[in-house]
**Q** 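Here it is, the structure, as structure tokens.
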2 protein chains.
Amino acid sequence: MREGPNIVRIAALIGDQTRTEVLTALIGGKALTATELAGVAGVTKQTISGHLAKLIDAQLVSVESQGRHRYFRLADDDVVQLLESLMGVAHRTGAVRLRSSPRDPAMHKARVCYDHLAGELSVQIYESLLKRDAFVPGKDGLVLTVGGKRFFTRVGIDVEIVRLQRRNFCRACLDWSERRHHLAGALGAALLERLMVLDWAKRDRDSRVVNFSRAGEQALRELFRLPVAR
Amino acid sequence: MREGPNIVRIAALIGDQTRTEVLTALIGGKALTATELAGVAGVTKQTISGHLAKLIDAQLVSVESQGRHRYFRLADDDVVQLLESLMGVAHRTGAVRLRSSPRDPAMHKARVCYDHLAGELSVQIYESLLKRDAFVPGKDGLVLTVGGKRFFTRVGIDVEIVRLQRRNFCRACLDWSERRHHLAGALGAALLERLMVLDWAKRDRDSRVVNFSRAGEQALRELFRLPVAR
DNA sequence: GCAATGGTTCGGCTAACATCGAACCATGAG
DNA sequence: CTCATGGTTCGATGTTAGCCGAACCATTGC
């Protein structure tokens with residue numbers, strides 16, 4: 001009768017305010033401790049401990065113990081994709097949070113999606129690269145062409161070193177605010193990393209927003225030949 | 001404090017066995033009545049009525065009244081994408097249904113994803129088209145090139161007529177079993193439709209499986225120049 | 001060794017919600 | 001009009017699960 005994977009359990013886990021608070025906090029990409037997570041979720045540590053146990057059991061979150069601390073992070077990229085997918089639907093159905101802060105437009109322009117860039121700018125980068133044949137589809141994600149490699153070399157990224165990472169090198173990720181794709185994988189992460197090192201962009205202290213400096217955005221736009229800013 | 005769309009409500013709705021039964025039944029693409037849905041979910045009609053009201057209120061499902069019947073269908077493509085995304089995570093975490101039927105390999109090869117094709121074959125088609133520059137990324141999904149149009153004309157699809165539909169014409173959809181993209185949108189739907197008319201493929205009576213005839217698969221492979229079958 | 005901090009386990013309380021029986025409204029057939 | 005069928009509303013019931021207080025284990029610092 002029933003077929004396919006059991007999605008109910010996963011959805012039920014996300015269908016709780018506290019746990020979603022945890023998951024969205026982890027989209028930021030940084031590994032957090034239980035007490036930190038209890039703080040952002042606004043519950044006691046006993047409660048958060050219970051929730052984290054469930055999330056780990058379901059393999060949505062993974063842990064690493066270091067001394068008396070336990071660091072929690074998302075277990076896999078696909079969790080990020082799932083959350084962004086959920087946000088897409090929530091966005092369409094108008095189920096947005098009441099407190100739509102001034103952050104909102106900034107979130108749309110550029111934000112962190114786990115460890116890579118999301119939002120308007122990121123989509124433009126991805127599409128510009130695609131249009132210039134920077135990658136072709138491969139058997140597991142995207143394959144960077146010789147021409148594509150040049151773009152990254154020019155920002156100061158050593159593509160061959162990035163390629164050594166065990167994770168997926170380069171793939172597309174659906175952007176909930178734009179409903180289009182942006183660059184993810186090790187290469188996407190390396191790009192965001194590099195933007196921060198160059199001081200072209202800075203992460204907002206306590207949100208997923210990424211703020212570009214005037215010069216940084218300018219340089220990025222020229223480098224990836226993005227359409228002119230409005 | 002909190003930012004972004006409210007995903008908890010959506011996830012909580014999916015996090016119920018009965019409602020998920022309803023949603024997955026509707027991925028099949030056909031609009032179903034309340035009593036039919038009560039049947040597949042195994043609950044009484046009062047119960048299903050309550051669930052449907054919630055799903056409609058959250059805009060995951062839409063209704064159309066016809067006489068004394070009310071036909072329920074998924075409200076938007078993004079719900080399908082969300083469900084497939086969930087299945088992807090559930091698949092990775094090994095949370096598959098106990099009863100893994102002989103249907104399972106068939107599901108992986110070809111199945112219906114709302115109104116278009118999903119599974120191994122569909123991914124191959126998509127990637128073959130992409131490699132042959134059948135589309136370029138556009139501002140809202142993919143744009144079919146002149147070269148791409150030829151592929152569809154050759155199967156007997158009048159692309160210009162398909163383009164008239166109000167829905168998104170052509171876009172990519174993430175495939176949970178393959179973890180890669182396949183073709184969706186009006187064009188994807190038209191292709192599946194055409195395959196059935198040509199008798200190259202048939203839908204399984206009571207599942208999402210799509211069975212290809214020997215000749216049909218052969219023809220499809222040649223037409224879209226797919227890699228040789230294993 | 002002893003306190004302090006990070007985290008988990010246990011038990012009990014409470015609220016939310018899925019379920020169904022029964023009654024009720026709407027449409028269509030005879 | 002009358003009856004049958006498709007759906008919804010209401011109220012009562014039972015289960016689930018989130019939450020916290022308290023006690024407990026583990027690691028670090030003094």
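What you see is a predicted model; the values in this text were computed from it and never measured. Here is how names work: the chains are called A, B, and so on, in the same order as the sequence lines, proteins then strands, and each is numbered from 1.
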**Q** Arg68(A): which residues meet the salt bridge (Lys or Arg N to Asp or Glu O under 4.0 Å) condition with it, sequence neighbours left out?
**A**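 Result, salt bridge (Lys or Arg N to Asp or Glu O under 4.0 Å) vs Arg68(A): none returned.
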**Q** In terms of side-chain heavy atoms, does Thr18(B) have a donor or acceptor partner in Glu21(B) at a distance below 3.5 Å?
**A**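 No donor-acceptor contact under 3.5 Å links the two side chains.
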**Q** Would you indicate whether the side-chain heavy atoms of Trp200(B) and Val210(B) approach each other to under 4.5 Å?
**A** no
**Q** In whole Å, what is the span from the CD atom of Gln46(A) to the C1' atom of dG6(C)?
**A** 12 Å
**Q** Check whether the side chains of Gln17(A) and Thr20(A) place a donor and an acceptor atom closer than 3.5 Å, and report yes or no.
**A** no
**Q** Taking atom types as modelled, is there a side-chain donor on Arg111(B) or Ser177(B) under 3.5 Å from an acceptor on the other?
**A** yes
**Q** Identify which one of Cys170(A), Ser122(A), Cys173(A) satisfies the side-chain contact (heavy atoms from CB on, under 4.5 Å) criterion when paired with Leu183(A).
**A**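 Considering Cys170(A), Ser122(A), Cys173(A), a side-chain contact (heavy atoms from CB on, under 4.5 Å) with Leu183(A) is found only for Cys170(A).
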**Q** With sequence neighbours left out, write down each residue that passes side chain to side chain donor-acceptor pair (under 3.5 Å) with His51(B), or none if nothing qualifies.
**A** Arg19(B)
**Q** Could you state the interatomic distance from CG (Leu142(A)) to CG (Leu187(A)), rounded to the nearest 0.5 Å?
**A**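 Reported value, rounded in 0.5 Å steps: 9.5 Å.
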**Q** Return the set of residues passing side chain to side chain donor-acceptor pair (under 3.5 Å) with Gln46(B) (not counting sequence neighbours), or none when no residue passes.
**A**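 If we apply the side chain to side chain donor-acceptor pair (under 3.5 Å) test to Gln46(B), skipping adjacent residues, the hits are Thr44(B).
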**Q** Scan residues 57-65 of chain B against DNA chain C and write down, sorted by residue number, each residue with any heavy atom closer than 4.0 Å; if none is found, say none.
**A** none
**Q** Applying side chain to side chain donor-acceptor pair (under 3.5 Å), name anything that partners Asp158(A), two or more places apart in sequence or on another chain.
**A**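 Asp158(A) satisfies side chain to side chain donor-acceptor pair (under 3.5 Å) with no residue once adjacent residues are dropped.
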**Q** Identify the pairs formed between an N or O of the protein and an N or O of nucleotides 27-29 of chain C at a distance under 3.5 Å, and give each distance.
**A**
unit_1	atom_1	unit_2	atom_2	d
dT27(C)	O2	Arg68(B)	NH1	3.2

**Q** Under the side chain to side chain contact (heavy atoms under 4.5 Å, CB included) test, which residues partner Gln165(B), sequence neighbours left out?
**A** Val162(B), Arg167(B), Ala186(B)
**Q** Return the set of residues passing ring-ring contact (aromatic ring centres under 6.0 Å, His included) with Tyr126(A) (not counting sequence neighbours), or none when no residue passes.
**A**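 Counting only residues at least two positions away or on another chain, Tyr126(A) forms a ring-ring contact (aromatic ring centres under 6.0 Å, His included) with Phe135(A).
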**Q** At the 4.0 Å heavy-atom cut-off to chain A, mark where contacts on DNA chain D begin and end, going 5' to 3'.
**A** dG18(D) to dT28(D)
**Q** Inspect the contact between Glu127(B) and Arg180(B) and indicate whether a charged nitrogen and a carboxylate oxygen are less than 4.0 angstrom apart.
**A** yes
**Q** If the helix axis at each end comes from five base pairs, how far does the helix from dG1(C)-dC30(D) to dG30(C)-dC1(D) deviate from straight, to 10°?
**A**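 Nearest ten degrees gives 20° for this helix.
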**Q** Looking at residues at least two apart in the chain, or sitting in another chain, which of them share a side chain to side chain donor-acceptor pair (under 3.5 Å) with His182(A)?
**A** His116(A), Asp175(A)
**Q** Should Trp176(B) and Leu83(B) count as side-chain neighbours, where that means a heavy-atom distance under 4.5 Å?
**A** no
**Q** Summarise protein proximity over nucleotides 11-19 of chain C in one line of letters, 5' to 3': B for base, S for sugar-phosphate only, - for none, counting protein heavy atoms closer than 4.0 Å.
**A** -------SS
